[in-house]
Amino acid sequence: MKFIDEYRDERTAQLYSRALSRIVTRPWTIMEVCGGQTHSIVKFGIDELLPSAVTLVHGPGCPVCVTPLELIEKAIELASMQNVIFCSFGDMLRVPGESKDLLSVKAAGGDVRILYSPLDALKIATENPEREVVFFAVGFETTAPANAMAVYQAKRQGIRNFSILVSHVLVPPAMEAILSFPDTKVQGFLAAGHVCAVMGYVEYEPIADKYKVPIVVTGFEPLDILQGIYMCVRQLEEGRAKVENQYSRSVRKEGNLPARKIISEIFRVVPRKWRGVGEIPQSGLGLQEAYAEFDAELRFGVAGRTIDEPAECISGLILQGLKKPHECSAFGTRCTPEHPLGATMVSSEGACAAYYHYRRRNN
Amino acid sequence: MCLAVPGKILSIEGSDPLFRSGRVSFGGIIKNINLAYVPEAKVDDYVLVHVGFAISIIDEAEAMQVFEYLRQMGELAELEEGGTQ
Ligand code: SF4
């Protein structure tokens, strides 16, 4: 496919790998923020093409992985209600809650539906006026325009039996949180290309300045990632810490202005808990007052409940880049994609699942 | 989860900017995609699509820069190597 295949060319990848070896003089540690990039890196073996001095750590980059246990429990509670049609992206269904997941609610007769787009939930709501339709609005900034549009259209069209359970997280505050950890190893970032396609990259400039880290907005194909790493290492070697854009075919500095406008119409910035990391201030989106009627937590009275994370899973340390998946004692034995203990094993973009699928032999 | 896939716009419908949509081909698989966030997109443009929404128009000129950048570096390295001989 155009705009995919050409960025997987092996010979060019080798050239990037050689170019990198020429400029590296010291060890560097770089974090890729987005789970989509983690998936590509492990799948295509990009980390194996790098000089040994360059280490990649896998960041918190998957909204499925960081959705806290209590929201999963709320989702399960809503999905179990008689009159509710609970709609979600597919990868949320197997995220383990305290004792079950959404898939088992579905198996027990709950009306749980997997959708491609939040707009499909609006359609279901119009077709089933006597039922309540709840959409599990999970995502980074990338997904916010879609979820915001669903709410915007619901209000405009007067669709009253529609609401969303919001679990939106924002990337820049999480990057700051990672840089503030006392044992953080991260010296540079590959920022998530699709998040920046929506938001642009101006908001990363103060982070690069304050923490003296280069941040390179990077795409998802192997050559994108290799170029992103090259640009990041080059800055590190030259002692620069700037925001650069590797993914210029899709990312503009100001992002997507019409999308940003609707996001700020519907959502406001709120504190949010990240699974495995804890609460990060100003790191999530919640509905604006004016759209509170579409908030499923308020509508069904499940707001304000909190649950602690199980101690066994070390996904928190993995999400912070302090440990690799195979260093977890449950990895591949008690914890597998079929029976995940933690969220990073559930989503195909989670670091544990990526290692499980592509690296079992090596570990 | 943030997967976004490039596709080519085959046709565009709807005059209300918020409901503008189009048929988009992903290597032959055709889907109906919301185009509200790419108001300037035209038929034959490639757009980046995430959960049913186009979030960006792909800039065909910028698409070559991955290769351009490498070429420039290669020339730079040759120049430097030439200089030290
Ligand atoms: S292997 Fe399973 S238990 Fe271990 S950190 Fe990963 S998700 Fe958690």
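Just so we're on the same page: letters track the sequence lines, and every chain starts at 1.
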Under 3.5 Å, side chain of Asn256(A) to main-chain N/O of Ile55(B), donor-acceptor pair present?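 Yes, Asn256(A) side chain to Ile55(B) backbone: donor-acceptor pair under 3.5 Å.
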
Whether Tyr116(A) side chain and Gly52(B) backbone form a donor-acceptor pair below 3.5 Å: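 At least one qualifying donor-acceptor pair exists.
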
Region of [X] in contact with chain B, defined by heavy-atom distances below 4.5 Å:
| X | answer |
| --- | --- |
| Leu226(A) | neither |
| Ala259(A) | both |
| Gln246(A) | both |
| Arg260(A) | neither |
| Leu15(A) | both |

Is there a side-chain contact between [X] and [Y] (heavy atoms, below 4.5 Å)?
| X | Y | value |
| --- | --- | --- |
| Asn34(B) | Gln153(A) | yes |
| Asp59(B) | Arg252(A) | yes |
| Met64(B) | Glu6(A) | no |
| Leu3(B) | His39(A) | no |

Look at the rings of Tyr69(B) and Tyr16(A) and say which category their plane angle falls in: under 30° parallel, 30 to 60° tilted, over 60° perpendicular.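 It falls in the parallel class, under 30°.
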
Identify whether NZ of Lys or CZ of Arg in Lys261(A) sits under 6.0 Å from the centre of the six-membered ring of Tyr37(B) and within 45° of that ring's axis.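 Ring-cation test returns no.
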
Of the backbone (N, CA, C, O) and the side chain (C-beta and beyond), which part of [X] lies under 4.5 Å from a heavy atom of chain A, both, or neither?
| X | value |
| --- | --- |
| Pro39(B) | side chain |
| Lys8(B) | neither |
| Ile33(B) | side chain |
| Val5(B) | side chain |
| Asp16(B) | side chain |
| Ile58(B) | both |

Gly27(B) to Met1(A) - nearest heavy-atom pair and separation: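 Residues Gly27(B) and Met1(A), closest heavy atoms: CA-CG, 3.5 Å.
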
One thing to verify: whether Lys2(A) and Glu60(B) come together as a salt bridge, which I'm taking to mean a side-chain N less than 4.0 angstrom from a carboxylate O.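 Salt bridge present between Glu60(B) and Lys2(A).
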
